[in-house]
Amino acid sequence: MPEFSLKSDPLVSHGRHFGRTVFALCNYPSLLTNGILCLEQLEDATLEDFFIRERREHRVFEKLLDSYPGLLERLREGSEEEILHVGELIGKGASAARGEDTKSLKPVVIDWIVPAGEVILPPLPRNSKINRGFNHPLTHLQSGVISVSGDQWPLFLYANEAYDPEDPWNGLLRTCLLINAFRHIFTSPSSVDREPKATRAGNARLHGMTAVTGASIAYVTTQVRFALCSSSVFSRTDTATDSETFYHSLLDLLEDPDEQGEVTDLLVWWNYQIFPTSSAAKGTPKTNSALSKIRQKCATALTAASIS
DNA sequence: AATCATTGACGGGACACACC
DNA sequence: GGTGTGTCCCGTCAATGATT
């Protein structure tokens, strides 16, 4: 066999990383067709004429063009089918990566929320989600609210599981649980709780990623949220889990022009946690001993943490 | 009803790389 | 060489929705 295997089309690989770091949960074939259509119409209409949601999609579209050399030409010169095909490849990558991440996060997230050495009642099996979510105090996503819709944020988003009404940014998205999940997905599973000694390049290095993006934080947070809930099937349109609304609500905040000061601080903090030696983490001390101290702090804080 | 297509979870295996 | 670790891909299964 001459192996006509579509051995990892570069577009699929690109889609994996693009979904994780720029925009997940998206119908890429239609994003591309709409994007091209929009470019053609742009001469006699301004972006202001489009709805907010479409503006975001168009920004994503432009980021996609920027991130893949030659893509614009390929789409411009390609037939309608070709555009759809390219979209399918990118979407296939994004979707496969998402599926693998939910798969691998499902067991390990239990290790992160169950205090070391303790026996939990009712038990939280690593391979089953049946007791998670509202069925268990450790995974109980939110207190005092019956239905969890996507735009209500669970307390695990906040450091010490505390929301500060006076200062909504206080501790927001700065938790060990999210850092762990981010490392698990982007650097390597083994880099979560020890000094990284991976023998293979993780996803970040594989794709030349040296800085955290807001969307990647939103992505990881959405993955953790799903891992903690009792639903077994991730679906973009599932109204019970509402992952897409949740993901978008995080993006809304992280892309809000009025919040860029706070967002920049947040990204610096994250970069220091994830890429301590990269220039993206400049302005903060970055010796190895300081790093291990932080990680140690993270580990101890985590054992005491509970998701209420 | 019955059938088909699509989607996602899951397990497993191929492959690549860095150590011993 | 062998072993451990990680990504990527594939086959299978179940659930869901659309079509007939």
Rounded to whole angstrom units, what separation is found between the NE2 atom of A:H207 and the P atom of C:dG6?
17 Å
Separation of atom NE2 in A:H17 from atom P in C:dC8, rounded to whole Å:
10 Å
Among all residues two or more places apart in sequence or in another chain, which pass the salt bridge (charged side-chain N to carboxylate O under 4.0 Å, His left out) test with A:R16?
A:E100
With sequence neighbours excluded, what pairs up with A:Y28 under the ring-ring contact (aromatic ring centres under 6.0 Å, His included) test?
none
Go through the N and O atoms of the side chain of A:K103 and the base of B:dG8, and report whether any donor-acceptor pair is under 3.5 Å.
no
Separation of atom CG in A:N203 from atom P in B:dA16, rounded to whole Å
18 Å
With sequence neighbours excluded, tell me which residues meet ring-ring contact (aromatic ring centres under 6.0 Å, His included) with A:F226.
A:F234
Contacts of type salt bridge (charged side-chain N to carboxylate O under 4.0 Å, His left out), residue A:E262, not counting sequence neighbours
none
What parts of residues 95-102 of chain A reach DNA chain B, counting only heavy atoms under 4.0 Å away?
A:S95, A:R98, A:G99, A:T102
Main chain of A:S188, side chain of A:S191: is a donor-acceptor contact present, judged purely on distance under 3.5 Å?
yes
With sequence neighbours excluded, give me every salt bridge (charged side-chain N to carboxylate O under 4.0 Å, His left out) pair touching residues 24-39 of chain A.
none
Please report, rounded to the nearest Å, how far the C1' atom of C:dT7 is from the CZ atom of A:F186.
14 Å
Can you check the A:R205 CZ to C:dT5 P distance for me, whole Å?
17 Å
Gap between atoms CG and P, on A:L105 and C:dG6 respectively (whole Å):
14 Å
Can you measure A:F234 atom CZ to B:dA9 atom C1' for me and round it to whole angstrom units?
13 Å
